[in-house]
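Scroll down for the structure; my scribbles are underneath it.
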Protein chains: 2
Amino acid sequence: MEHSEEIFTILKVHHLRLTKTRKALIGIFFLHETPLSARDILRELCEVHRAVNKTTVYRELERLQKIGIIGTVRLGDRKQYYELAAREHHHHLVCLKCEKVENIMLDEKKLKEEAKRAAAVKNFLTLRHSLEFFGLCKMCN
Amino acid sequence: MEHSEEIFTILKVHHLRLTKTRKALIGIFFLHETPLSARDILRELCEVHRAVNKTTVYRELERLQKIGIIGTVRLGDRKQYYELAAREHHHHLVCLKCEKVENIMLDEKKLKEEAKRAAAVKNFLTLRHSLEFFGLCKMCN
DNA sequence: TGACAAACGCAACTCAGTTGCGTTACGATG
DNA sequence: CATCGTAACGCAACTGAGTTGCGTTTGTCA
Ligand SMILES: [Mn+2]
Ligand SMILES: [Mn+2]
Ligand SMILES: [Zn+2]
Ligand SMILES: [Zn+2]
């Protein structure tokens, strides 16, 4: 939790208080390198710390997202997943059998060029992209 | 609706009957080149044809997906979107302002190579991928 | 035309996420 | 340390997408 210091500074700038729940929630993100759902976070919060309400978790995730501490990912189901925004840009391998998620690092230079070319044809200004892979993990294939 | 003929054959093979609703629903897919949500389909079905129940729409979409007539896409919200599987492999530009969706064709050779290399490191067998772009459309930027 | 399975409608349900509102507590200021 | 404004909180009720069970209707084929 060494990186937390600069996060606490960001919080202060945005007039966000250092509540117990918030500190614990941010701590959880540092314990996991793959994306977490609101439910994952709620469970871990309630196991390790005292009971927290789901509304609090959702509102907190929204706030942290708004100030750029965390980002969101979609992994094929109806849930939203969250991960630290500070981590380097990457994508995900999602196992269709055991649902395990792994991070994957890609050289996206070629992809970006190609996407830019194709989007320009439609006069579309690309701001973000989402790229995820689905298949079978080491254990499941 | 000329391509429908071969679809009707596929239906027969799978012992799926040619009901009015099913015929109408498949017809709707030929009228749109971008993905449709269950709600979109329900609305259009009820406007153009007689009232249809949402359960019927969901069950029908599942059946058509199972036999490979339609495929599903995720476009960033919680909904599932459906489009004809017969169309050539492509991706989507999603406008963050007006929510319009456009198809985009990419040369994915480089991407596939790169993804294969990266997935191999983790012994992951990739079966599908999802790649969507978010930004501002011609009208909105 | 009758029988059988596929398809249907309806109501009740799940699950993720949201909203309104009254209460609690962080932290700045004196 | 006491006070006070606002951020944060819990709770209950709600939304919207999708699912399930069950009894009824309808398409297909003999
Ligand atoms: Mn990327
Ligand atoms: Mn593709
Ligand atoms: Zn697996
Ligand atoms: Zn737009």
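Fair warning: this is a prediction, and the values are worked out from it, not measured in the lab. All chains are named by letter (A, B, ...) in the order of the sequence lines, taking the proteins before the strands, and each is independently numbered beginning at 1.
Using a 4.0 Å cut-off between a side-chain N of Lys or Arg and a carboxylate O of Asp or Glu, Glu60(A) and Arg22(A) qualify as a salt bridge. Between Glu47(A) and Arg43(A) there is no salt bridge, since no side-chain nitrogen of the basic residue lies less than 4.0 Å from a carboxylate oxygen of the acidic one. Ion pairing between Lys116(A) and Glu113(A) fails under the 4.0 Å rule for side-chain N and carboxylate O.
At the phosphate of dC9(D), OP1 or OP2 sits under 4.0 Å from a side-chain N or O atom of Thr21(A). Contact check, Asn53(A) against dC11(D): a side-chain N or O comes under 4.0 Å of OP1 or OP2.
Spacing between atom CZ of Arg39(B) and atom P of dG18(D) amounts to 10 Å, rounded to whole angstrom units. Rounded to whole angstrom, the span from the CD atom of Glu60(A) across to the P atom of dT19(C) amounts to 17 Å. The interatomic distance linking Glu62(A) (CD) with dG17(C) (C1') rounds to 10 Å, in whole Å. We find that CZ of Arg63(B) is positioned 13 Å from P of dT19(D), with the value rounded to whole Å. The separation between Arg43(B) atom CZ and dA17(D) atom C1' is 15 Å, rounded to whole Å. Spacing between atom OH of Tyr58(B) and atom C1' of dG9(C) amounts to 16 Å, rounded to whole angstrom units. At whole-Å resolution of the value, CZ in Arg50(B) and P in dC8(C) are 8 Å apart. The NZ-C1' distance, from Lys54(A) to dA12(D), rounds to 10 Å in whole Å.
Using a 4.0 Å cutoff on non-hydrogen atoms, the parts of residues 72-84 of chain A near DNA chain D are Arg78(A), ordered by number.
Residues Phe124(B) and Phe133(A) approach most closely at CZ-O, 4.3 Å, considering heavy atoms.
Looking only at distances, a side-chain donor or acceptor of Asn103(B) sits under 3.5 Å from a matching main-chain atom of Glu33(B).
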Heavy-atom protein contacts under 4.0 Å, nucleotides 20-30 of chain C, coded B base, S sugar-phosphate only, - none: BB---BBS---

Determine all donor-acceptor pairs shorter than 3.5 Å in which one atom belongs to a side chain in residues 24-31 of chain B; sequence neighbours excluded.
none

Could you give the side-chain donor-acceptor pairs of residues 7-15 of chain A under 3.5 Å, partners two or more places apart or in another chain?
from, atom 1, to, atom 2, distance (Å)
Thr9(A), OG1, Glu5(A), O, 3.2

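Listed by first then second residue, pairs satisfying salt bridge (charged side-chain N to carboxylate O under 4.0 Å, His left out) with a partner in residues 125-141 of chain B number zero, not counting sequence neighbours. For residues 84-98 of chain B, no residue pair satisfies the salt bridge (charged side-chain N to carboxylate O under 4.0 Å, His left out) rule, not counting sequence neighbours.
Taking the nucleotide of DNA chain C with the nearest heavy atom to each of Ala51(B) and His15(B), the more 5' of the two is matched to His15(B). Each of Ala38(A) and Val57(B) lies near DNA chain C, and the nucleotide nearest Val57(B) is the one positioned closer to the 5' end.
Heavy atoms of Ser37(B) sit nowhere under 4.0 angstrom from any nucleic acid atom.
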